[in-house]
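Below, chain A is the first sequence line, B the second, and so on; all start at residue 1.
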Protein chains: 2
Amino acid sequence: MSVGRETRLSAWIERFAAHFEREGIPLIGGRILGYLLVCQPTERTAAELSQELEASSGSISTNLKFLVGEGLVTKRTRRGRQAAQYRINEKRWGDLVARKLDALTSVRELTEAGMRLMSGDPERAMRLRAVDDLYTWLATELPAVWERRPSSSR
Amino acid sequence: MSVGRETRLSAWIERFAAHFEREGIPLIGGRILGYLLVCQPTERTAAELSQELEASSGSISTNLKFLVGEGLVTKRTRRGRQAAQYRINEKRWGDLVARKLDALTSVRELTEAGMRLMSGDPERAMRLRAVDDLYTWLATELPAVWERRPSSSR
DNA sequence: CGATGGTTTCAGTGCCCGCCGAAACAGGCG
DNA sequence: CGCCTGTTTCGGCGGGCACTGAAACCATCG
């Protein structure tokens, strides 16, 4: 007997969340992202997320606040007694990637500072120099690549 | 009165370690890397590192083992009663960066798997599609950039 | 002005992980 | 075969963080 589509989807969400947990996003935050990427309809209330993902209302609240702050999730409030709706803001996913690239290239500032401290002692600077060269190259290449990004993925 | 060079160096090592701690490398591991990049002479024993970095022998051992495993540090044993010497292996720093880039592009496998689960429902796949497009583009561009890396930074 | 449904806050819990340091271990030396 | 030095192992400690759930909060509706 075959596994239902929703079962496979929730397994996928779990893998998705596991990956981003390694990148520093809380497990529940990653689940919210994965779920909001594929759910139908596209918008969900905090209560629905809590039920679907089997997470406490507190965790959902904390993580939604975080994700809204990052711009990855959009909150839509409605008048009356109606619950706010949350949906993915996939357009901002690029920001997430850009921050990752920045984290990489920013090491260059460290290596350069180190090189300045080593000035006047080329012998001793050799090891750091090799590392600095690598990051200097990265810091010139990566931003250029990012700029060439096609509009279809913005 | 001005601050001594060694004092500024240890402050730099601390910033260096702090940066890599955010990337998942233990604080002491980062200190070892920073220290081995600039120390003179270039090789140190475990006992010396323990003293210089004010870390326990156990922590030094654990972290050296980890760094040697990563290829970032090389262990040189000497015959007789002599202690083993450790030195930085700056040539392998590229591997560290390459793994970071891989972590980024590997998200594509996740988004592709998700897209397959969404097949036959283009409406529902739209959000995930935008994210998948971004990573697909990344996965084609980044490896190409890495290949163009000049030999000076290898 | 209660009552109601939804959301956020917050104190408490458990878990994980980096670190310590003493004890065990390894392997040359005398 | 002990001894000695350097290294690793391992139990334990402490800090930090994700998560929980109940209580407080907020805004609307009757």
message: Can you tell whether the side chains of A:E70 and A:R99 come within less than 4.0 Å, N to carboxylate O?
response: yes

statement: Nucleotide by nucleotide, nucleotides 7-19 of chain D touches protein heavy atoms under 4.0 Å in the pattern (B base, S sugar-phosphate only, - none) SBB---------S

message: Rounded to whole Å, please give me the gap between CZ in B:F66 and P in C:dC17.
response: 13 Å

message: If the helix axis at each end comes from five base pairs, how far does the helix from C:dC1-D:dG30 to C:dG30-D:dC1 deviate from straight, to 10°?
response: 10°

statement: In terms of heavy-atom contacts, A:M118 and A:A125 come closest through CB-CB, 3.7 Å

query: Given atom CD of A:E48 and atom P of C:dG6, what is their separation to the nearest angstrom?
result: 9 Å

field: Distance in angstrom units between A:R76 CZ and C:dT7 P, rounded
entry: 13 Å

query: Can you name the one residue among A:R78, A:R87, A:K75 that meets salt bridge (Lys or Arg N to Asp or Glu O under 4.0 Å) with A:E43?
result: A:R87

- line: Of all heavy-atom pairs linking A:S56 and A:S50, the shortest is C-OG, 4.0 Å

Enumerate, atom names and distances included, each donor-acceptor pair closer than 3.5 Å involving a side-chain atom of residues 27-39 of chain A, sequence neighbours excluded.
unit_1: A:R31; atom_1: NE; unit_2: A:E14; atom_2: OE1; d: 3.0
unit_1: A:R31; atom_1: NE; unit_2: A:E14; atom_2: OE2; d: 3.1
unit_1: A:R31; atom_1: NH2; unit_2: A:E14; atom_2: OE2; d: 2.7
unit_1: A:Y35; atom_1: OH; unit_2: A:R44; atom_2: NH1; d: 2.3

message: Expressed as a whole number of angstroms, how long is the span from B:E54:CD to C:dC19:P?
response: 14 Å

message: Just the rounded figure in Å: distance from P of C:dG6 to CZ of A:R44.
response: 15 Å

- prompt: Which pair of non-hydrogen atoms, one from B:R127 and one from A:T42, has the smallest distance, and what is that distance?
  reply: CZ-CG2, 3.3 Å

- request: Quick one: sort the A:F16 and A:W93 rings into parallel, tilted or perpendicular, breaks at 30° and 60°.
  value: tilted

task: May I ask you to test the A:L96-A:F20 pair for a side-chain heavy-atom distance under 4.5 Å?
output: yes

Rounded interatomic separation in angstrom, taking CG from A:L67 and P from C:dT8: 13 Å

